Amino acid sequence: GDPSGAVEMLKRATALDPADVRSRHELARAYAEAGQKRLSDETRREALRMERREREAARRRLGADHHRARALLSLERGDTAEALKEYQDALSHDPDNPQMLREAGETAMAAGDPERALEYLDRAVRRAPSRAVIWRTRGEIRLAMGEMGKALGDLLESARLDPNDPAVHRSLAEVYRSLHRPEADAESALAADLEARTVLPPPPEITP
């Protein structure tokens with residue numbers, strides 16, 4: 001029974017969660033009940049635009065997931081060329097997905113196309129600069145390409161973001177060894193220690 005109060009509360013709700021379509025529809029209704037037709041119409045149109053964008057995004061994600069699933073099946077068969085094609089199709093639907101960009105980069109590298117692999121990983125890093133695994137993947141690709149200086153920078157950033165990942169320390173050891181730097185042994189020892197700590201204990205024996 002207090003349309004004006006409802007408007008104020010729903011305005012706060014939409015400010016806290018701008019992507020909540022339901023709150024916008026409720027706000028449009030509250031505006032209408034408060035006699036603010038222009039604001040009601042504008043808010044309802046914005047809510048409908050958001051709904052259309054959500055449906056389109058869902059459709060694109062579905063298409064991307066379909067091609068990603070086909071890519072994974074191709075990788076299981078060892079067909080990296082076909083897998084890479086499926087990843088390209090997946091990214092045509094969802095071009096900013098950092099996880100898919102990383103997987104596409106790994107697949108491109110496996111298919112013998114390091115330049116394309118780096119292109120995908122560069123995009124992934126820009127989209128998700130806080131994900132350690134993406135920095136590690138790009139570092140490992142650069143390591144395989146012999147770009148030791150750039151590989152070192154990427155791997156150090158990955159280790160900073162996730163210092164408990166043994167894989168990044170293994171790769172750092174390899175880079176340091178190629179650069180004839182003494183840190184190689186320490187990184188190898190750290191990787192071995194982290195791997196030992198993550199090994200699951202054997203299941204307990206079941207006695208009758």
Side-chain angles (χ1 to χ4, degrees), residues 1-75 82-108 116-139 141 153-154 156-165 168:
D2 182 6
S4 297
V7 164
E8 292 306 314
M9 294 298 293
L10 288 163
K11 283 170 65 177
R12 289 174 58 188
T14 55
L16 289 169
D17 188 359
D20 184 1
V21 176
R22 182 179 176 184
S23 291
R24 289 189 185 272
H25 278 299
E26 292 292 334
L27 178 57
R29 188 161 68 91
Y31 275 136
E33 291 178 1
Q36 301 184 59
K37 184 178 185 305
R38 180 181 62 80
L39 289 174
S40 176
D41 290 344
E42 288 176 358
T43 304
R44 183 168 288 106
R45 282 196 294 270
E46 178 59 24
L48 291 172
R49 281 195 293 269
M50 291 171 64
E51 284 182 343
R52 286 194 294 271
R53 287 196 296 267
E54 285 184 356
R55 286 196 295 271
E56 175 62 17
R59 185 188 66 79
R60 294 177 71 84
R61 284 194 300 271
L62 185 62
D65 289 344
H66 169 73
H67 287 289
R68 179 176 180 268
R70 290 172 61 91
L72 294 174
L73 287 173
S74 296
L75 287 173
E82 181 62 25
L84 182 55
K85 179 180 178 299
E86 292 293 348
Y87 272 119
Q88 290 169 340
D89 290 338
L91 288 167
S92 71
H93 292 280
D94 192 3
D96 296 327
N97 186 313
Q99 175 64 20
M100 210 170 300
L101 285 165
R102 183 182 75 83
E103 293 176 6
E106 290 178 323
T107 303
R116 179 171 291 180
L118 273 184
E119 176 191 332
Y120 285 137
L121 266 299
D122 288 345
R123 286 166 56 189
V125 166
R126 288 195 297 271
R127 299 296 185 272
S130 63
R131 293 194 190 179
V133 67
I134 291 175
W135 287 94
R136 173 167 63 80
T137 303
R138 190 172 73 171
I141 288 172
D154 283 348
L156 286 172
E157 178 62 12
S158 177
R160 184 187 72 81
L161 292 167
D162 183 6
N164 296 315
D165 176 12
V168 72

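Count residues from 1 along the sequence. In this text, all values refer to a predicted model and were calculated from it rather than measured experimentally.
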Do [X] and [Y] come within less than 4.5 Å of each other through their side chains, counting heavy atoms only?
X      : Y      : answer
Arg68  : Met100 : yes
Tyr120 : Leu84  : yes
Leu156 : Ser158 : no
Tyr87  : Leu72  : yes
Arg123 : Pro95  : yes
Lys85  : Ser74  : no

Of all the heavy-atom pairs spanning [X] and [Y], show the shortest one and how long it is.
X      : Y      : result
Gly105 : Ile141 : O-CD1, 4.0 Å
Ala47  : Arg24  : CB-CB, 3.8 Å
Val21  : Glu51  : CG1-CG, 3.4 Å

Of Arg116, Arg126, Arg102, which is the lone residue that meets side-chain contact (heavy atoms from CB on, under 4.5 Å) with Leu121?
-> Arg102
Nearest-0.5 Å distance that lies between atom [atom1] in [X] and atom [atom2] in [Y]:
X      : Y      : atom1 : atom2 : value
Glu106 : Leu101 : CD    : CG    : 11.5 Å
Asp122 : Ile134 : CG    : CD1   : 11.5 Å
Thr107 : Gln88  : OG1   : CD    : 10.0 Å
Asp65  : Asn97  : CG    : CG    : 8.0 Å
His67  : Glu86  : NE2   : CD    : 6.0 Å
Asp154 : Arg138 : CG    : CZ    : 4.0 Å

Applying side chain to side chain donor-acceptor pair (under 3.5 Å), which residue pairs with at least one partner in [range] are found, sequence neighbours left out?
range            : result
residues 9-21    : Asp20-Ser23
residues 127-136 : Asp96-Arg127, Arg136-Glu140, Arg136-Asp165
residues 31-40   : Arg29-Glu33, Lys37-Asp41, Arg38-Glu42, Ser40-Arg44

Give a yes or no on whether a salt bridge exists between Arg61 and Asp94, defined as a side-chain N under 4.0 angstrom from a carboxylate O.
-> no
Does Arg49 have any side-chain contact (heavy atoms from CB on, under 4.5 Å) partners at least two apart in sequence or in another chain, and if so, which?
-> Arg45, Glu46, Arg52, Arg53
For Asn164, check side-chain contact (heavy atoms from CB on, under 4.5 Å) against everything at least two apart and list the hits.
-> Asp162, Leu194
Mind checking what makes ring-ring contact (aromatic ring centres under 6.0 Å, His included) contact with His25, not counting sequence neighbours?
-> none
